[in-house]
K.L.:
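I'd like to ask some things about the structure below.
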Number of protein chains: 2
Amino acid sequence: MGIVSRKEREKEEMRRLILEAALRLFREKGYDGVSIRNIAEAIEYSPATIYLYYKDKSEIFFALQYEAAAVKRDHLMPVASIENPWERLVEFGRRYVDFGMKHPDLYDLLFITLTPMDSIENQECWQLGIAIHAFFAETVQACVDARYFKSTDTETIAYTLWCHAHGLVSLFIRERMRMYPEEKREELAKKSFAMMVKMAESL
Amino acid sequence: MGIVSRKEREKEEMRRLILEAALRLFREKGYDGVSIRNIAEAIEYSPATIYLYYKDKSEIFFALQYEAAAVKRDHLMPVASIENPWERLVEFGRRYVDFGMKHPDLYDLLFITLTPMDSIENQECWQLGIAIHAFFAETVQACVDARYFKSTDTETIAYTLWCHAHGLVSLFIRERMRMYPEEKREELAKKSFAMMVKMAESL
DNA sequence: GCATTTACTAAACACTGTTCATTAAATTTG
DNA sequence: CAAATTTAATGAACAGTGTTTAGTAAATGC
């Protein structure tokens with residue numbers, strides 16, 4: 001292997017170094033709480049060096065959002081092997097909520113953060129997200145096809161289920177459950193999920 | 001009226017001036033997109049003057065969050081006059097979603113923004129929010145008492161309904177419905193609300 | 001009229017994202 | 001091998017941020 005490929009490898013290593021430092025810092029202090037200077041300090045390089053590997057702060061954000069989408073995919077896609085569409089759907093939902101609770105910063109990155117959403121459609125992370133959503137929509141369609149619901153409005157069913165799951169996770173991780181005592185919050189979330197499953201059964 | 005009361009009045013007018021400029025700017029550019037200097041420029045005072053009326057930027061945020069909660073209360077509380085608890089609940093939900101769609105920045109302020117939530121329990125805005133939530137919980141309780149649901153787990157029912165409504169609004173205003181064509185999004189939201197009402201009927 | 005309080009601000013401090021000229025090292029060329 | 005060139009990294013700067021402080025000028029109290 002010539003020096004060209006070594007250079008490329010080193011460049012890739014540097015990008016990883018930046019990304020890992022950024023992810024760790026973002027998890028600790030949030031996107032706005034971390035500066036390029038903080039990241040540079042963490043990897044013991046000058047701030048200007050970061051700009052040799054990423055165009056700006058938002059590009060680091062996009063790269064991390066892709067990582068987050070990949071973690072989410074690995075967390076959810078195992079349910080693809082479940083034959084029964086209804087069981088597959090329920091397990092998908094359970095894992096979606098579980099992902100949000102276990103990785104609040106990644107969930108935030110994917111579904112709440114507003115930052116630079118302008119050209120997101122062109123980003124890899126978006127493509128990955130679309131693919132996972134498509135799998136979800138197909139699973140709902142499979143349930144409709146197998147007459148698991150009275151309604152046949154697949155799109156609305158899928159969206160309604162997503163709304164509930166997203167509301168569940170985002171109220172939790174954005175600290176809007178303070179009217180419930182800390183130790184009851186997770187239990188309430190579990191009960192609500194179960195209730196939604198029951199409601200969906202008679203949908 | 002002595003000059004003391006005039007001074008107080010002037011102080012109050014100044015606070016209003018700051019708040020109105022801040023609210024307008026926050027709506028246009030978001031909390032992070034607006035600087036103290038921007039607000040100062042808008043009201044034609046120096047940045048330091050702002051600090052004579054508000055301790056820091058987060059106090060302006062709290063004041064605005066209180067205004068937002070008041071707008072929300074005015075938008076929702078008229079339903080208190082609806083006698084039938086189920087009709088009251090449905091109308092409350094409709095207006096909750098409507099408030100979020102009509103005032104995305106206020107909704108954001110109340111239910112999504114993370115900013116300085118540390119000591120929020122002591123803030124007026126939180127008390128107001130708690131009161132509105134309590135009214136919602138009481139309405140659900142009234143429905144349970146009147147046997148509108150099979151389930152009697154009031155807390156979980158209320159929370160589940162809230163999750164769905166919040167998910168609906170927050171996915172919309174945080175731009176996570178891009179997989180649906182722009183012109184279909186609001187219709188989908190309406191359909192989903194209707195579906196949730198139907199589901200709740202058979203809860 | 002003079003002392004005091006009030007209202008306000010210019011300037012500074014320590015940050016931020018980002019750019020650019022410069023340096024030092026690695027690589028290619030003669 | 002030495003000279004020329006490309007590459008990698010940075011120090012310093014620019015324009016912005018939230019916030020504090022010292023100082024001024026006007027309004028008020030005596």
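Sequence lines set the chain letters: A, B, ... in the order given, protein chains first and strands last, and positions in each chain run from 1. In this text, all values refer to a predicted model and were calculated from it rather than measured experimentally.
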K.L.:
Please report, rounded to the nearest Å, how far the P atom of dG16(D) is from the CG atom of N38(B).
P.N.:
10 Å
K.L.:
Under the rule for ring-ring contact (aromatic ring centres under 6.0 Å, His included), what residues qualify as partners of F26(A), not counting sequence neighbours?
P.N.:
Y31(A)
K.L.:
Between V34(A) and E10(B), just flag the one whose closest nucleotide in DNA chain C comes earlier from the 5' side.
P.N.:
E10(B)
K.L.:
Give the rounded distance in Å between these two atoms: CG of D32(B) and C1' of dT17(D).
P.N.:
11 Å
K.L.:
For residues 40-48 of chain B, tabulate all N or O donor-acceptor pairs below 3.5 Å that involve a side-chain atom, not counting sequence neighbours.
P.N.:
{"from": "S46(B)", "atom 1": "OG", "to": "A48(B)", "atom 2": "N", "distance (Å)": "3.4"}
{"from": "S46(B)", "atom 1": "OG", "to": "T49(B)", "atom 2": "N", "distance (Å)": "3.4"}
{"from": "S46(B)", "atom 1": "OG", "to": "T49(B)", "atom 2": "OG1", "distance (Å)": "3.2"}

K.L.:
Which whole-number value in Å describes the distance from E13(A) CD to dA9(D) P?
P.N.:
12 Å
K.L.:
Can you find a donor-acceptor pair, distance only, under 3.5 Å between R37(A) side chain and dG17(C) base?
P.N.:
yes
K.L.:
Using heavy atoms and a sub-4.0 Å distance, could you list which residues of residues 39-55 of chain B are near DNA chain D? By number, please.
P.N.:
A48(B), Y51(B)
K.L.:
Over how many whole Å does the gap from D56(B) atom CG to dA14(C) atom P extend?
P.N.:
20 Å
K.L.:
Can you measure I36(B) atom CD1 to dT17(D) atom C1' for me and round it to whole angstrom units?
P.N.:
10 Å
K.L.:
Restricting to side chain to side chain donor-acceptor pair (under 3.5 Å), what partner residues turn up for K198(B), sequence neighbours left out?
P.N.:
none
K.L.:
Could you state the atom-to-atom distance from CD1 of I60(A) to P of dT16(C) in whole Å?
P.N.:
14 Å
K.L.:
Is it the case that S151(B) and D153(B) place a side-chain donor and acceptor less than 3.5 Å from each other?
P.N.:
no
K.L.:
How close or far is atom P of dC8(C) from atom NZ of K11(B), stated in whole angstroms?
P.N.:
9 Å
K.L.:
Mind checking what makes salt bridge (charged side-chain N to carboxylate O under 4.0 Å, His left out) contact with R95(B), not counting sequence neighbours?
P.N.:
E91(B)
K.L.:
To the nearest angstrom, how far is F61(A) atom CZ from dG17(C) atom P?
P.N.:
15 Å
K.L.:
Just jot down the side chain to side chain contact (heavy atoms under 4.5 Å, CB included) partners of L23(B), sequence neighbours excluded, or say none.
P.N.:
R27(B), L64(B), L106(B)
